[in-house]
Structures are given as structure tokens and as C-alpha cells.
Amino acid sequence: DEEYQTVEGALAKCSGGERILIQEGVYEISKPILIHCSLSLESSGGRVQLNCTGAMIQWNAGKGVIRGLHLKQRVLYEDDRIPLVEVLSGSLVFESCELEARGGAAIHAHGLAPGRLAKFIEPPDYSEEGLNAINQAIEMGMANIRLPPTVTISSCTVSSKRSYGINLEFGVTALIEDCIVSKVQDTGISILSCLGATVRRNQVSHIKGAGVLLYGGDETGPYIVEDNDIHETTLCGLEVMRECDPVVTRNRIHHTEAAGIYVRLQSQGTYELNEIYCNAKANVDVRDKSDPVFQNNKIRNGEHVGLLLRGECKGTYEDNEIFGHALPNVEVRALSDPTFRRNNVHSGSHFGLLVRYDGRGTFSENEIHHNSLTGVYVHKRSSISLRSNRIYEGRDKGVFVESDSIAKLSDNDISGNARKGFIFEPSKILKQTWKQWFKGAAWVVLSHFLWDLDDDPEDSYPTGYEVYTQDDYRGDFDGFDGEIVFTEEQGSDELPADRKILPPPTFETPASMFGEPNPRYKSAGW
């Protein structure tokens, strides 16, 4: 064992495999420490603080451990973006450290950006021969031929005044667990085109950007995000982008100033057993042709939409509980076409399910109830299938289908809503004549319609189909497999005086009265 007065002096004598113990105190690092061999840098006990101006450590090869140190960075210029610790290759473990960056990221680990000459050894070869080969390549000036780095960050506290907290890019393999990442000016944890990353049991809060960013790409390995608490971020809590396919489970994502989970740019992934709540924008926002799977999540009490699907996205949403939102609990729009089954959508201050602007979707076996506005509202050229759902106890209508939209229904239970159970509205523009109304109306296959009749028959036109629930008019839902059947014993005396039940229409009758129907509605049974 030898003693040295400075950290740099001890490091200068290292040839590989040494363990450097630093006694309690505050040490000034005058220039960046460049490490090309395996070693361990640890506190011998008590608080050890290393201060530097600019970069402190650049790790370039070998296996290493940094344990129990407080690394603090100063910068000379306000626009400096120099990372506190940079990992270029090898394997480095941070354990029980405090990293306080003032310029760039606290930890920046990266391989080589696409387009540069690189020779990655996969899996990484940390044998003596492998490390010698890399060291020889570096000495020969072939710095772009190196191992992809592997980083483990455990039980650390990370902050950054001007940049990322932890930034991992291009070929890195990483494990981040039991850390506190806070007071970060940009993204808390950024993972971009890595070979694999696990983010587990971390506290991520007070972030000026996104809490955790996952970015896919070619040859991206598995990303796992589990048991984290992500909150109080300026942007979204978790952002998943560019064909990324992570596993996200048992996280709590809340009180952000944007979306809780934001999935975009053709990403996928499995999201289960998460609790997403109290976010300023949509609790879950899926867009840009993404196709995720959400299962058994609790999405609740948001200031915006609960689950927002847009931009031609798809996805499967099963067994989730979605409730308590200021805007619709679920909104589908812009050619999105989800599969939505066995979800419990309730107690919202707006619509239970809103489908609009060419929205699509198959909705089956869901419970939609106790919402302040209409349970299911279909709007603006949308087309959906409702099958085996329970839509009940709403404070407004059960189902409302607006102009130029299509709804296909079977085996639904619609009951106990404060207003009509079921309303289809004709076109507000094309309703001057019956022929125009027939071509512009919203259709479903029903056997009876209720039309308003004015005093002057020539000025009469249908105002919509109002299908009374059992509470409104003692109607019997006979399976509700595409038609509503009223028994012969139930006369029209229970209806308002200005209503009349017309006989079931046939294709020939409407064709002779109104002309040929619009072809887009033939699939609905006409």
C-alpha cells in the first residue's frame, strides 16, 4: 500500500486492477482524469467530495467501480455542456455516489454514433486479451474501434443544472436502479439506441424536460422500466418514441405538466400494472401509428383526457380502469383504430368514450357508467363497433351517434341513463328533404325508428332515432344483436303525443321513397 497527497498522483501510478481509497475531505481535481485500465475509486469512510472545473472523469477501457464519492462540477462559461463523467468503453459501476453537474449531463455514456467507423465486439470481451486489443487500438490512434460501454448506476443521487441527468446513447448496456434523479434542466434519464437498458425502482422528479425518454432505432435491445416513481416534470413523465418496444410495469407517473405516458413515432411496447394520474395533459397519449398494449393499468383523475389515441395509431387496451377525468375518459380520433375490451370507464366529468374526426375502433365487453355527459359519443365521420358492452347510470344519454358516422351494435346493455339511452342524429346540413336526410344520416341496423311529425307533413323530416331504454319506455332489449324489439303488448300510448313508431323499413321502401342510398351505408344493412 502506498499513500499519495492527491487523487491525480494515485491514479498516475495505476497500471490496472488497483483499488484507490480516498480519505474524508474535499479535493480539487485540476484537469480531467483519463482512465484506460481497470481500477476501483472509493471512499475510505466519511464524506469525500471531488470538485472540478469542466469534465472530471473520462472512462475509456477496463472494469471499474466508483463508490461512495460526491462528484461536483463547476463551469467557466454559461454555455458549457461538458459532462461530469463520460464513459466511452469498458464497464463502469457507480454505487452510492452523489453526482452534481453544472454543465452537461452528470453521466454521459455512449458508443459511436451511426455513420462513424466502428467495430463493436458483441458480446463485450472483458478478458485480458480483449482489453489488450482495445488498448492497442487506442494507442495506434484507432480511437473509433472500441467496446460498447456497459454502465451500472445504483443507489446514486443525480442532478444537472443545464443538461440531462443520465444520458445513454449508441450501443450502451445499462442498469439504473434505486437512484434519485432530480433538479435536472433537461431529460432526467435519456436512453437512445442502446443495446439494452433496465430502469428500476428510481425516484425521478423536478425535471424540466421528460422524466424518462426511451428512443428506439436499429438494433435496439430490450428496455425495461419498472417500479419507478416519476412526477413533477415539465414535459411528459415517460416518452417512448421511434419504433421503441419497451416493457413498462408497476410505475407511478403523476403530477406532470404534460402527458403521463407519451407513445409516438410507430412505437409499441407492453404497459401493465401502472398507475397514471393527476397529469396536466392526457394521462396516456398514443399517436403516430403506434401500436402498444395496455393491460391492467389504473388511469385516473387527470386534468385532461384519460386515454387519447390519434394519428392512425392502433393498439390493444384491456382490463384497464379509467376514471375521474375533466375531459373524456377515452378519446379516439384521426383514423386511430384500437381494440378496446374489458375496461372499466367511469365517473368522468365529460364523455365516457368520445370517437371523432374519422375515429375507428372495436369496443367490446366494457363497462361505461356514471359519466357526467354521454356514455359513448360518436362524432364527425367516425365508424365504430360496440359489442357486449354495459353502458349504464350515466347523467346524460347512453349512446349518441352524430351526423355522417356509423355505429354497429350487438348484445349491448344500455340502461339507467338520465336521458335517452340511444340517439342517432341526422345531418344538420342535409336535412331539407327526406332524400337528402337519407343520404346524409348516421345509420345503425335497428328495427324501429321514432320520428318527429310536424303539423304540416310536407315540412316534416326526421330529427333522429331516439331509442328509449327500459326506464324511459318499457322496451325490452332482446339480446340487442343489431335491432331493438318491442313486444306487441306495448302500445304507443306510453310515448309522447308527437311521436309515432313506424314499421320496420325495408331496403325497397327507402329506395322508392328517397332514391338510392349512399353506398357507404350499405354495409350497415341498407
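Remember, it's a predicted structure, so these values are computed and weren't measured experimentally. All values below come from the heavy atoms of this structure, side chains included, with hydrogens, waters and symmetry mates left out.
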Worksheet item: Do NZ/NE/NH1/NH2 and the carboxylate oxygens of E365 and R341 come within less than 4.0 Å?
Response: no
Worksheet item: Thinking salt bridges, do E28 and R74 make one under a 4.0 Å N-O criterion?
Response: yes
Discussion item. Over 60° means perpendicular and under 30° means parallel, so tell me whether F351 and Y377 are parallel, tilted or perpendicular.
Written reply: tilted
Worksheet item: Are any of the side-chain nitrogens in R19 or E42 under 4.0 Å away from the carboxylate oxygens of its partner?
Response: yes
Worksheet item: Are E239 and R264 ion-paired here, with the side-chain N under 4.0 Å from a carboxylate O?
Response: yes
Discussion item. Tell me whether the count of non-hydrogen atoms from other residues, nucleotides or ligands lying under 6.0 Å of CZ in R387 goes above 12.
Written reply: no
Worksheet item: Between T249 and Y271, does a side chain to side chain contact (heavy atoms under 4.5 Å, CB included) hold up when you go through it step by step?
Response: CA-CA 6 Å; T249 181; Y271 307 79; over 6 Å; no
Worksheet item: Salt-bridged, R310 to D285, with N to O below 4.0 Å?
Response: yes
Worksheet item: Between H110 and H108, what is the ring plane arrangement, given parallel below 30°, perpendicular above 60°, and tilted in between?
Response: tilted
Item to complete: Kindly indicate whether a cation-pi arrangement holds for R242 with Y215, taking the cut-offs as under 6.0 Å to the six-membered ring centre and within 45° of the axis.
Response: no
Worksheet item: Hey, are R250 and D227 close enough for a salt bridge, meaning a charged N less than 4.0 Å from a carboxylate O?
Response: yes
Discussion item. Looking at D319 and R342, is any side-chain nitrogen of the basic one under 4.0 Å from a carboxylate oxygen of the acidic one?
Written reply: yes
Practice prompt. State plainly whether the residues R201 and D178 are in salt-bridge range, i.e. N to O under 4.0 Å.
Written response: yes
Worksheet item: How far apart are the closest heavy atoms of V204 and G211, and which atoms are they?
Response: CG1-O, 3.6 Å
Worksheet item: Can a salt bridge be assigned to the pair E402 and K380 using a cut-off of 4.0 Å between side-chain N and carboxylate O?
Response: no
Practice prompt. Sorted by first residue and then second, give each side chain to side chain donor-acceptor pair (under 3.5 Å) pair with at least one member in residues 5-14; sequence neighbours left out.
Written response: E8-S30
Worksheet item: Should the pair E24-R47 be classified as a salt bridge under the 4.0 Å nitrogen-to-oxygen rule?
Response: no
Worksheet item: Angle class for the Y277/H254 ring planes (parallel below 30°, perpendicular above 60°, tilted otherwise)?
Response: parallel
Discussion item. Whether E275 and K298 form a salt bridge (side-chain N of Lys/Arg under 4.0 Å from carboxylate O of Asp/Glu) is what I want to check.
Written reply: no
